[in-house]
4 protein chains.
Amino acid sequence: MLGGCPKRRRRKEARPAEIVEAARLCFVDNGFAATRIEDVAARAGVAKGTVYLYFPTKEALFEAVARANVVPVIEQVIRAIEADETTPAFDQLRMIARVMYRDMVGTDRKRLLHMIIAEGPRFPWLTEFYHREILSKGMDLIRAVLRRGQARGEFRAEGLDEFPQILMAPTIIAAIFTHLFDAHDPIDVERYADVHIALIERALLPDRTSGGDRQPDPE
Amino acid sequence: MLGGCPKRRRRKEARPAEIVEAARLCFVDNGFAATRIEDVAARAGVAKGTVYLYFPTKEALFEAVARANVVPVIEQVIRAIEADETTPAFDQLRMIARVMYRDMVGTDRKRLLHMIIAEGPRFPWLTEFYHREILSKGMDLIRAVLRRGQARGEFRAEGLDEFPQILMAPTIIAAIFTHLFDAHDPIDVERYADVHIALIERALLPDRTSGGDRQPDPE
Amino acid sequence: MLGGCPKRRRRKEARPAEIVEAARLCFVDNGFAATRIEDVAARAGVAKGTVYLYFPTKEALFEAVARANVVPVIEQVIRAIEADETTPAFDQLRMIARVMYRDMVGTDRKRLLHMIIAEGPRFPWLTEFYHREILSKGMDLIRAVLRRGQARGEFRAEGLDEFPQILMAPTIIAAIFTHLFDAHDPIDVERYADVHIALIERALLPDRTSGGDRQPDPE
Amino acid sequence: MLGGCPKRRRRKEARPAEIVEAARLCFVDNGFAATRIEDVAARAGVAKGTVYLYFPTKEALFEAVARANVVPVIEQVIRAIEADETTPAFDQLRMIARVMYRDMVGTDRKRLLHMIIAEGPRFPWLTEFYHREILSKGMDLIRAVLRRGQARGEFRAEGLDEFPQILMAPTIIAAIFTHLFDAHDPIDVERYADVHIALIERALLPDRTSGGDRQPDPE
DNA sequence: AATGAATGAGAGTTCATTCAT
DNA sequence: GATGAATGAACTCTCATTCAT
């Protein structure tokens, strides 16, 4: 009796996370307004009232979803880059891009991104949170790499460290467009990423005598 | 019977446009789901039923808003570019970008763009419409300019004509980000546009002996 | 200029009748609640407001329809029977039945009957009016014929003059059933009428030595 | 989870029936279109939303009312007749008529009948259902009894087994007329039924030497 | 007399939230 | 803790009726 039946106990402790995950699936499928608490409950295998045991309102549930799903990805990349002092800055940039294409465009996390963009205006805390926890961190990271590249004489570019968004933009757009328009106009994300990275390379690296014969991305 | 009373009649002809404009304001403020027909009516200074006199459903009203506000912009750009045979391709590209930054990022039309992106997944006709009427036309335009530039020997870039999205992406992201994050992190769109265009220039134009001394955008 | 253009004038005077007829068609097609004034107007070829020029409410229009369509039929039969002193009472009865089968079951007047039955409970004046103008007259007529038949020694039946409904019932039911169930179970009204009349005959006429060899209805 | 709380549970099981009964009362009072779900809810002592917990639409509620109130009656009669092999066919016929007069004309079930007739044309499923579940069963029953009577030499009538409606018609008309016209012209249903049954008897039974001295209905 | 644009009360339906069990 | 029956405010859409022209 001490500690209770382990299976049931684990179940109990896992409840909130299960509900959040069920909610994530519902939200990315249907958006905030069209998601019914009852659907979330059904997906989580609990009764409607149980959701309210852990989350006082639908908005709180949404917040939990956003919080749980958005932070981990970026942190991982940051750690990888910061620990690394020897890799050329451009290769780091390429690596960041590759990770984003894989983890954001290539998974259904793009639907979460879409949801955050979509619901942002109605949830001030959401945009504030997303900007603070994700965007600014991502931009800081790119900025750091750009400056390191410039310091090492790799990059000739100026101004981009002021607007790292410009470098990330095609990736974010790829995420949004594949989510929205895949039926009408599917994108070959592999090639899209290659072209994007090649564009960055030509723009950042100093002129070479024979232009363009460098391998765009040997990976 | 034919002709009607002039005052009434002028009103009748003006009504739909008035309602569409009121609806646009409501939609960009609150999104589709959170906009009540009654709000639109109040904003247009008419009764609830009057809205239904002109638009059979809320979706039809939404479609009218999208159509009225989004199609004219792109068409105008297309006409300007197509009529022009002498301007260097890069200057055309820069012009397109400038127009987009001015009309899309610099006005509250960005909120409409946001709304279309936000509500897209739940309104297939909307994504279909937006893709057909706006995106594909915009991409075709950029593609045409790129090819013209390549044919004239201006551009060395390959691959971009396959993914014109990559060139437009920073503009669209600027629209979305200024809409979402302006309170937390305002962007100096002028400089952002300069940097974006300079990036494109360095990536597209062949190497010059003296790199970077070209005026970025004399406009 | 005196009297105005005759065509237009006739049109004007005919307006109410035209609207009533249009309303009749709508009402029998859709019932009272589901008939929209706008439909009636469209069917009459006038504007919605015009209907209200002649009929203050939807109910008033309904009343006009009922009044205009229900009285004429019965009066004609009554006159024919009352003027006739020589025909055997049973032949008169048969004649009444034949007329009812032809004019009520065989035309779309049955739909009007249906409408009166259907809407009756919500329009007390309608049932009152229908009972006074139609039903009681019809029942009085049958009663009179029955009594004449008894007086002449034709009929042996008693009690039926108290409930003439019993003799009319199969006809009314034929009208209702053909209206409601024709798709599922069409009735051969000719034969149905024959069987009905034969039933009345056997019930009313005194026994004959050889039962049933009388022609049921030479008509 | 399984079993639930007894009090709640009993309530849940009773609710649909309570709502159906409340709906029946509203429908027979006001007809389908004029009945508001809120009225039904109020009459059942629940909130508007509760009705939708058990019936997805107003039509579904209507169907439930029709089904619950109309099927049991006929089934009961059928069972009683079918189990019986010895009773003379005419007595069975009389029994059917008596039950119909008692259960259909003598109760407010006649208002339900009226409602079904009234709303039939606008609800195809309703006429289809009524014809299949009630009418055709009733007609088959009468047909079977008629044929049994003919086989036993009780009846001389021909043709009626083709149109059993003719025998039922006065009963249905009694139901409708007492519902519609009772205020203006009340019917003594007892005597009406006697006369109706006597009419059938004279029409069906072969001639007797002493006509009419048979007790009409010893019951 | 005739029009038809405008109105707004009211209906069906949905669903976040509550709470007795 | 967990349930799910119950609630009722809120929303979309309809249509009888009005009235300026």
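Not measured: the values here are computed from a predicted model. The figures that follow rest on heavy atoms only: side chains count, while hydrogens, waters and symmetry mates do not. Convention: sequence-line order gives letters A, B, ...; per-chain numbering from 1.
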Completion exercise
Against the side chain of C:Y52, the closest entry in F:dT18, E:dT7, F:dT3 is F:dT18

Problem - Whole-Å gap separating P (E:dG12) and CG (D:L53) - result: 17 Å

Handout entry: For C:L112, all residues meeting side chain to side chain contact (heavy atoms under 4.5 Å, CB included), sequence neighbours excluded
Key = C:R24, C:V28, C:V65, C:N69, C:V70, C:M115, C:I116

Exercise for the section: Quick one: stems involving DNA chain E, counted as three or more successive Watson-Crick or G-U pairs, both distances short of 3.5 Å. Expected result: E:2-21 with F:2-21

Problem - Strand-adjacent residues in residues 28-36 of chain B, judged by heavy atoms under 4.0 Å from DNA chain F - result: B:T35, B:R36

Problem - Sequence-distant partners of D:I117, side chain to side chain contact (heavy atoms under 4.5 Å, CB included), two or more places apart - result: C:H114, C:I176, C:L180, D:L113, D:I176

Exercise for the section: For D:I37 and for B:T50, find the nucleotide of DNA chain E with the closest heavy atom, then tell me which residue's nucleotide is more 5'. Expected result: B:T50

Exercise for the section: Would you mind telling me which residue lines up with the more 5' stretch of DNA chain F, B:E38 or A:K48, judged by nearest nucleotide? Expected result: A:K48

Exercise for the section: Take the protein atom CZ of A:F55 and the nucleotide atom P of E:dA16, then report the distance between them rounded to whole Å. Expected result: 15 Å

Practice task
List the steps, then state whether side-chain contact (heavy atoms from CB on, under 4.5 Å) holds for B:V20 with B:F55.
Solution key: CA-CA 10 Å; B:V20 164; B:F55 305 95; 3.5 Å; yes

Completion exercise
Taken in chain and number order and not counting sequence neighbours, the residues that satisfy side chain to side chain contact (heavy atoms under 4.5 Å, CB included) with D:R109 are D:V73, D:D103, D:T107

Exercise for the section: Measure the shortest side-chain to side-chain distance between A:V51 and A:K58 over non-hydrogen atoms and say whether it is less than 4.5 angstrom. Expected result: no

Practice task
Would you please name every residue forming a side-chain hydrogen bond (donor to acceptor under 3.5 Å, both in side chains) with D:E119, sequence neighbours left out?
Solution key: none

Problem - From CD (B:E63) to CZ (B:F129), nearest 0.5 Å - result: 6.5 Å

Problem - Residues from residues 56-68 of chain A lying under 4.0 Å of DNA chain E - heavy atoms - result: A:T57, A:K58

Exercise for the section: Give a yes/no answer on whether the side chain of D:R15 brings an N or O atom under 4.0 Å of OP1 or OP2 in F:dA6. Expected result: yes

Exercise for the section: Return no unless some side-chain N or O of A:Y54 is found under 4.0 Å from OP1 or OP2 of F:dA2. Expected result: yes

Problem - For B:R132, side-chain hydrogen bond (donor to acceptor under 3.5 Å, both in side chains) partners two or more places apart - result: B:E128

Handout entry: D:H131: side-chain hydrogen bond (donor to acceptor under 3.5 Å, both in side chains) partners, not counting sequence neighbours
Key = C:D185

Kindly list each side-chain donor-acceptor pair under 3.5 angstrom involving residues 30-42 of chain B, sequence neighbours excluded, with atom names and distances?
from, atom 1, to, atom 2, distance (Å)
B:T35, OG1, B:C26, O, 3.2
B:T35, OG1, B:G31, O, 2.6
B:R36, NH1, B:D39, OD1, 3.3

Completion exercise
Sorted by chain and number, sequence neighbours left out, side-chain hydrogen bond (donor to acceptor under 3.5 Å, both in side chains) with A:E59 holds for none

